[in-house]
Amino acid sequence: MDWYPWGEEALARAREEDKPILLSIGYAACHWCHVMEHESFEDPETAALMNERFVPIKVDREERPDLDGIYMDAVVAMTGHGGWPLTVFLTPEREPFLGGTYFPPEPRHGLPSFQQVLVAVSDLYRERPEDVGARTRTLVDALEQAVSAAPSAEPLTEALLFEAVRRLGDLFDPEWGGFGRAPKFPPASALELLLRRAETEMTVKTLDAMAAGGMYDLVGGGFHRYSVDERWLVPHFEKMLYDNALLVPAYLHGWLVTGEERHRAVAEQTVDYLLRELRLEEGGFASSQDADTDGVEGLTYTWAPGEGAPEELLEPFEDERFILRGELDEETRARLLEIRSRRPQPALDDKAIASWNGLALAALAEAGRRLESPDLVDEARALAAFLLGPLSDADGRLHRSRRAGRSIGTGYLDDYANVAHGLYELHVATGELRWLQEARRLVFLTVELFADEERGGFFLAPAHGEQLIARKKDLFDHPIPSGNSMLAYVLLRLARIYGDDELEQRAVGVLRLLGAGLGRGPTEFAWALNALDLYLATPKEIAIVGPPESEIARAALEAFEPNAVVAFGPAEDVPLLEGKEAVEGKPAVYVCERFACRRPVTDPAELREQLAAAAPHK
């Protein structure tokens, strides 16, 4: 294959030779991307057809979410569904006119062969240009309309939150946990919403079911990407950094709310997995591990009788291999991990993506604080230094990713939002003011680069980035929080620390874009609902003067208070901390509501009484 990267060289060739572009978008851990690569792209006859009739461009969706988002929307509009590998045919002006996902090498299951598709599309482009033009106009108009939606004028009220929780109850699987039917993806953001709303039954059922084995790696820790069945038993075996980074705090919060030590254990084991398998030598964390090993899905993770796993815990998978499900003691876990480490291992996608590393930063920082692990807090500091160092340019703007010592691409909205989120959590974990200052700096830079001043909300790509056929807004929180939702959440937290009404109104602008859809789509907009919950909550600000390891600071932060914001001082340039000092040389905590603060407390028992008496977070 004569693949081109996305860029002017390929686009210029398409214009000069008047050839359509064949755009293939995938990612390293995508099973069907590898299948199509082997079946078609490595086939000499198919490759020759592609090279002769098209300008072939290969894009990693994780490096270019703007391209992936626009052309995925186009394919969904054309076919009613999407997925990867994404195969899109474009004019030399980058306008889509046909597309799909996976195409087989021979006709099967009602699908034409890929070679048949290539010939038909090429003939259409050459022989019926008027049809191609009509298709592109329709699709481009639809893409432009999708980003021009006006904000809702309806009030943002608790009714939306009640409706969302009720809807989750309707979708809930009472037998196996989770929401909806197979396949099931880990609903970390929805679980966070339920914990905020004191709905523990659905949360505990789902946390326990996901961690029972299969979807969760009992031996090595960490979660696979999704379960193909309703039982969370048979996973699609790829492991993604973002899933595990989001599930660490979900299990920590489940432990805090329920007191169930098994939830704490899952969080600890998942952090251990991240550090053992995904941490990169230069810094940061790798994006993912493949589902396949030596071309066989799940080969590393599955077992056969006689390989050392407790046979009473083996559940059938395929090809006479089994999935481990049940409870393992630590000695057995360690023994099986050692056995498994001698097997061939799945490939590692060793690029560090700023967005997903921002989620990992938040997870490490909170895990270090909650689990009282200085080593984990140090890991979080190192990750923050990597994000603000090698993954940032000389002007302090984020790159999208880094691999093999080279940072590439402009940062997107989710990069900025997630890194700012992680930096705030690192401030809470360390008490070091610089991380709060960096979070605020990034937020102001994000507003400058991404804000839609006309309709509210934020674009996915920055104003100085490549101008594509449309400028997309990403609003869906599946499988991870959208950049808009996460930024709204961070804006609200910083607005309450700095007393900045403009930041709050920008967050509200995001929520108004979603409007009534918030209540109707609790799985699609789960993180936005968390932001709405924060927005509607009675503000509670906690100003701490003194180190985070002091008894009074630990008492201030021990409970699950998702709608409280925290700042450590002393610092006169942070409005919440202005005038806040230690009391008689002792660390002190000030509990405030809308900057009206109670008297400072130095005694942990008295502080707990004061916090209990303060307004609830609803």
Side-chain angles (χ1 to χ4, degrees), residues 5-7 23 25-28 59-73 84 86 94 143 146-147 240-242 245-246 284-285 287-288 349 351-362 386-388 390-393 395-403 406-423 438-439 441-452 456-491 506 510 513 527-528:
W6 181 274
L23 176 62
I25 301 180
Y27 59 101
V59 166
D60 182 337
R61 67 174 292 257
E62 296 168 357
E63 292 182 344
R64 290 299 302 265
D66 53 342
L67 291 172
D68 179 60
I70 287 171
Y71 293 116
M72 180 65 75
D73 287 350
W84 299 274
L86 187 66
R94 306 171 298 172
L143 293 172
V147 300
M240 312 300 295
L241 173 60
Y242 59 72
L246 289 167
F285 289 85
S287 299
S288 61
D349 182 3
K351 67 177 180 293
I353 296 175
S355 170
W356 302 358
N357 275 268
L359 296 175
L361 174 58
F386 174 75
L387 288 163
L388 298 176
L391 257 176
S392 296
D393 67 15
D395 295 324
R397 296 183 178 186
L398 290 169
H399 292 290
R400 174 62 176 180
S401 64
R402 184 173 179 85
R403 183 178 182 273
R406 179 168 169 259
S407 295
I408 59 173
T410 183
Y412 295 95
L413 177 63
D414 57 314
D415 296 306
Y416 284 83
N418 289 345
V419 172
H421 171 59
L423 290 168
E438 286 289 350
R441 178 187 67 81
L442 275 185
V443 160
F444 277 97
L445 185 55
T446 307
V447 171
E448 175 187 334
L449 296 176
F450 299 91
D452 181 349
F458 299 85
F459 294 107
L460 174 61
H464 68 276
E466 180 183 357
Q467 301 304 301
L468 302 177
I469 60 171
R471 199 174 176 203
K472 180 180 172 62
K473 285 180 183 175
D474 184 17
L475 297 170
F476 290 96
D477 298 333
H478 187 71
I480 65 174
S482 73
N484 269 283
S485 296
M486 182 59 80
L487 186 62
Y489 190 72
V490 176
L491 285 167
R506 289 192 179 276
V510 171
L513 280 178
W527 198 263

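Here the structure is a predicted model, which is why all the values come from computation and not from measurement. Index from 1, following the sequence.
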(request) Output the distance between atom CG (Leu445) and atom OG (Ser392), rounded to the nearest 0.5 Å. (result) 9.5 Å

(request) Indicate yes or no: at least one non-hydrogen side-chain atom of Arg397 is less than 4.5 angstrom from one of His464. (result) yes

(request) For residues Trp527 and Tyr489, establish whether the separation of their ring centroids is below 6.0 Å. (result) yes

(message) Counting only heavy atoms not in Tyr27 (residues, nucleotides, ligands), do more than 12 fall under 6.0 Å from its OH?
(response) yes

(request) Supply the atom-to-atom distance Met486 CE to Leu413 CG, rounded to the nearest 0.5 angstrom. (result) 11.0 Å

(message) Within the structure provided, determine whether Val59 and Asp68 are in side-chain contact (heavy-atom separation under 4.5 Å).
(response) no

(request) Starting at CH2 of Trp84, measure out to CD1 of Ile25 and round the result to the nearest 0.5 Å. (result) 9.5 Å

(message) If the test is side chain to side chain contact (heavy atoms under 4.5 Å, CB included), which one of Leu487, Leu449, Val447 qualifies with Tyr416?
(response) Leu449

(request) Identify, with sequence neighbours excluded, every residue that meets side chain to side chain contact (heavy atoms under 4.5 Å, CB included) alongside Ser355. (result) Ile353, Arg400, Asp414, Asp415, Asn418

(request) Determine whether the side chains of Trp6 and Glu466 contain a donor N or O and an acceptor N or O closer than 3.5 Å. (result) yes

(request) Side-chain contact test, heavy atoms from C-beta onward, threshold under 4.5 Å: evaluate it for Leu241 versus Ser287 and give yes or no. (result) no

(message) If we ignore hydrogens and angles and just use 3.5 Å, is the side chain of Gln467 paired with the main-chain N or O of Gly465 as donor and acceptor?
(response) yes

(request) Using side chain to side chain donor-acceptor pair (under 3.5 Å) as the criterion, list what pairs up with Thr446, not counting sequence neighbours. (result) none

(request) List the steps and the verdict of side-chain contact (heavy atoms from CB on, under 4.5 Å) for Tyr71 and Ile469. (result) CA-CA 10 Å; Tyr71 293 116; Ile469 60 171; 4.1 Å; yes

(request) Check whether any side-chain heavy atom of Glu62 sits under 4.5 Å from a side-chain heavy atom of Met240, and report yes or no. (result) yes

(request) Would you indicate whether the side-chain heavy atoms of Lys473 and Leu513 approach each other to under 4.5 Å? (result) yes

(request) Answer yes or no: is there an ion pair linking Lys351 with Asp60, defined by an N-O contact shorter than 4.0 Å? (result) yes

(request) Kindly indicate whether the side chain of Leu388, heavy atoms from C-beta on, has any atom under 4.5 Å from the side chain of Leu423. (result) yes

(message) Just so I know, are the side chains of Asp66 and Leu468 near enough to count as touching, which here means a heavy-atom distance under 4.5 Å?
(response) yes

